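Have a look at the structure below before the remarks.
Proteins get letters first, then strands, A, B, ... in listed order; numbering begins at 1 in each. The model shown is predicted, which means the values in this text are computed figures rather than measured ones.
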Amino acid sequence: MNEQERDEEEVLEAPVRGSADELLDAGAHDPIDAMRHSAAHVMAEAVLDLFPGARLGIGPAIANGFYYDFDLPRPLTPDDLEAIEARMRESVAAGHAFVRREIALADARAAAHGAGQAYKVEILDDLEAKAVAAGEPTPVTSFFEHAAFSDLCKGPHVEHTGRIGPFRLLSVAGAYWRGDEKRPMLQRVYGTVWATQEELDLYLWRRAEAKKRDHRRLGVQLDLFSFSDVSPGSAFWHPRGQRIWRTLEAAMRELQAERGYEEISTPILVHKKLWQQSGHWDLYAENMFRLESEGQEFSLKPMNCPESTVVYRSRLRSYRDLPIRYSEFGRLHRNERSGSLSGLTRVRQFIQDDAHVYVRPDQLSAEIEAMLREVREAYSWFGLQPRFAFATKPDKALGDPALWERAEGLIRVALDRSGADYVVKPKDGTFYAPKIDIYIDDALGREWQMATIQVDLVMLPERFDLSYIDETGQPQRPIAIHRAIYGSLERFIGIILEHFAGALPLWVAPVQAVIIPIADRHLEAAGELAAVMRARGLRVEVDGSDGRMQNKIRLAQEQKVPYMIVLGDREVGDRTASPRTRAGVQQPAVHWEDLAARLAAQASARRPD
RNA sequence: GCCGACAUAGCUCAGCGGUAGAGCAGCUGUUUCGUAAACAGCAGGUCCUCGGUUCAAAUCCGAGUGUCGGCUCCA
């Protein structure tokens, strides 16, 4: 973008007072967003051309592209997308200028009404209502026109349609008008547009790459887990997937033991009276699987927290006992809506590396700092860089505001003292607790929310009437911290599978080495080497099939096994091995014991490869 | 839950009114091999389920289930 264009953009950016930012082009700050938003206009032009009666919803710029919502007489097909795209290319080739016009709201509404654009009428009504509510005069609206197309819009846009870069329509999906499931469902067409062909190609390549390393595909290819319609939304873990699971669990148990956590285990099937006390029966009922026995109503637990209080309250607690740190790899069930289930990342049954820590107020800050160290430690095992977000008190919150203020102050101190770089997300806490959410960016630049640390002053302490006895013999209220580091193990495994494209670091790889005898006469030695390595705790397999060595290497590569160890006459003779890494590097021959010791040390170091 | 698409061998997919196919994997045999695919043969299917249209349905229609892309939801 040159200087002239930038100047024009600023002119075009003249704000419309009272505009409904959430519906018009909120967030169109990046220069490429003007191009993306312009592409949305051109798409709407094309759709109106092909479907003259189409009604328009909204069409903003989004990350990587744009969309526009349409109300159409019939569902769009892939052929329609091609036709729309072709029509868009004509408009781009014609280089129609984008012209901004100001129109009195009443005139705009009359025009929209006359054109049958009911959704636009609604937006205009809202603009007016908002201004009235604010005691402001009725605003003037801005429209952007190009060719025969005109749309209510704050802008900015590019100079003319010819400035729109290489684009591609991607998909069509249903979307509720204004995101409200009680309102009509429109057809949302997604597209992507970039400044250069290279960027478009790169984006499309990344999409294809993401699809290739989709954990659902890798789960089949690596024989880790599967799904079945006998239990939708719940994974069946195969032996190799279960090994990953156990490895992650063992690592977390070790970390937790060092930090003074004690593991508990509580029932999955729980009487409704517990959920009534915790508030879940009212607030979370639709997500709970409920069942009845002998006239009593039960639920499969969707969370571990309420039951941890049963253990806490099993005896009187002294101030000397705190902090009490209960960890639990609890198996949870949540009745997610069928349409939202997705692989390992959205499931109905999962296990969290959950913990509930009960502290005195004066211990809170130090405990949070220690938890932040836990997060950094655990993520360093995968080479992941955690990013922190501090979510504060929402408008709808339980408990004494003074307590909230104190808790937030302590969280802030802990965050600052830990040297963490963090953003504040105002009013994004839960109704019972301010929290620290932890995010990572994976190898494809996608953001994932992983761990969470919630400081609960209300739900567990108040509703379950928790107490400890202080120095003066008086009962005091503890604070409960809810904490998960992997979050859901299912989800975490799905994410690291995609992050590493299935080539998990040595320490978590379900098979760490495959021993490949060249001929049958090397089979016995292969078994001996496997025994040497297994004695060091390494997960080793022998490929004793009658295939050729080259093919065995190929299969091991496909299984992303970190080390392949070919055994032939040379190696068997002097009991050495020359491992090949999955990166294709041939390492020098060493004696079996030395190799086993080296790999075992490498695995126990728990580092990304 | 809602909108749309999809469901064929263990896996990846072709076939789209007229006898169910390929590659890989599996099994058997031959081969005993030096760092990403040896050769041959065999076997493998309620074409997701139920119902309808038709002389005839994997194929067309309807319902259900599951999955995928979104929307909604996500303590």
Side-chain angles (χ1 to χ4, degrees), chain A residues 57 67 69 71-72 74-78 80-81 170-190 207 211 214 216-217 219-221 223 226-233 275 278-280 283-288 301-306 332 334-343 345-347 352 354 429-433 435 449 452 454 456 459 482 484 487-488 491 514 516-523 545-559 563-571 578-582 584-587:
Chain A
Y67 69 79
D69 288 344
D71 192 350
L72 297 168
R74 65 167 174 84
L76 291 173
T77 66
D80 291 327
L81 286 196
L170 297 173
S171 62
V172 56
Y176 299 112
W177 169 237
R178 294 195 152 175
D180 183 344
E181 61 184 321
K182 293 184 182 62
R183 311 222 40 196
M185 182 159 276
L186 310 179
Q187 295 188 66
R188 175 170 297 177
V189 180
Y190 284 94
R207 280 186 112 222
K211 200 173 173 186
D214 186 313
R216 292 167 293 204
R217 177 188 287 253
V220 173
Q221 188 189 327
D223 194 17
S226 58
F227 291 89
S228 163
D229 60 6
V230 300
S231 186
W275 309 116
S278 70
H280 288 87
L283 296 169
Y284 207 69
E286 64 183 23
N287 282 302
M288 304 200 337
K301 65 175 173 182
M303 300 182 198
N304 298 307
C305 25
L332 307 180
R334 296 183 187 178
N335 195 1
E336 305 289 354
R337 300 221 252 176
S338 57
S340 66
L341 300 175
S342 179
T345 49
R346 195 71 191 279
V347 289
Q352 281 183 332
D354 208 358
T430 73
F431 69 94
Y432 59 84
K435 59 177 179 171
Q449 199 220 306
T452 185
Q454 305 174 355
D456 175 12
M459 186 174 76
H482 308 235
S488 139
R491 186 176 145 87
V514 172
I516 300 174
I518 289 180
D520 288 348
R521 64 178 178 279
H522 308 120
L523 253 174
S545 71
D546 77 341
R548 299 180 71 214
M549 173 210 63
Q550 285 87 342
N551 194 40
K552 293 179 183 181
I553 288 173
R554 177 172 160 268
L555 293 174
Q557 286 285 154
E558 282 177 351
Q559 290 297 305
Y563 290 96
M564 284 145 269
I565 303 168
V566 174
L567 283 191
D569 292 337
R570 283 205 300 268
E571 291 82 3
S578 162
R580 171 204 160 99
T581 70
R582 63 189 160 193
V585 176
Q586 193 70 39
Q587 298 183 335

Checking all strands, does [X] fall into the base, sugar-phosphate, or nothing category for heavy-atom contacts under 4.0 angstrom?
X      : answer
A:T430 : sugar-phosphate
A:Q559 : nothing
A:Y190 : sugar-phosphate
A:D546 : base
A:G279 : nothing
A:Q352 : base
A:G179 : sugar-phosphate
A:G584 : nothing
A:D180 : nothing
A:R346 : base
A:Q550 : sugar-phosphate

How many whole angstroms separate atom [atom1] of [X] from atom [atom2] of [N]?
X      : N     : atom1 : atom2 : value
A:D223 : B:C11 : CG    : P     : 11 Å
A:L186 : B:C2  : CG    : C1'   : 12 Å
A:E336 : B:C73 : CD    : C1'   : 8 Å
A:Q187 : B:A5  : CD    : C1'   : 12 Å
A:R183 : B:C2  : CZ    : C1'   : 15 Å
A:L555 : B:G26 : CG    : P     : 8 Å
A:D71  : B:G4  : CG    : C1'   : 15 Å

Any side-chain N or O of [X] less than 4.0 Å from the OP1 or OP2 oxygen of [N]?
X      : N     : value
A:R548 : B:C33 : no
A:R521 : B:C33 : yes
A:R216 : B:C68 : yes
A:R217 : B:C68 : no
A:R580 : B:A36 : yes

Worksheet item: Hey, which of these two, A:S231 or A:R582, hits RNA chain B nearer its 5' end, going by closest nucleotide?
Response: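 Comparing both residues, the 5'-ward one is A:R582.
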
Worksheet item: Which nucleotide, B:G69, B:C71, B:G34, lies nearest any side-chain atom of A:E571?
Response: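 That would be B:G34.
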
Fill in: Side chain of A:E181 - closest among B:U72, B:U35, B:C2
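Closest nucleotide to the A:E181 side chain: B:U72.
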
Worksheet item: Has the side chain of A:R554 got a donor or acceptor that lies under 3.5 Å from a partner of the other kind on the base of B:A37?
Response: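 Yes, a donor-acceptor pair under 3.5 Å.
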
Worksheet item: Do A:D520 and B:U32 have a side chain to base donor-acceptor pair shorter than 3.5 Å?
Response: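 Donor-acceptor pair under 3.5 Å: yes.
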
Item to complete: Name the pairing partner of B:U28, where a pair is Watson-Crick or G-U wobble with both distances under 3.5 Å, or state none.
Response: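 Across all strands, the one nucleotide that pairs with B:U28 is B:A40.
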
Practice prompt. Carefully, step by step, assess A:D569 and A:H522 under the rule side-chain hydrogen bond (donor to acceptor under 3.5 Å, both in side chains).
Written response: CA-CA 7 Å; A:D569 292 337; A:H522 308 120; 2.6 Å; yes

Item to complete: Between B:A5 and B:G21, how far apart are the P atoms? Round to whole Å, please.
Response: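 Their P atoms lie roughly 30 Å apart.
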
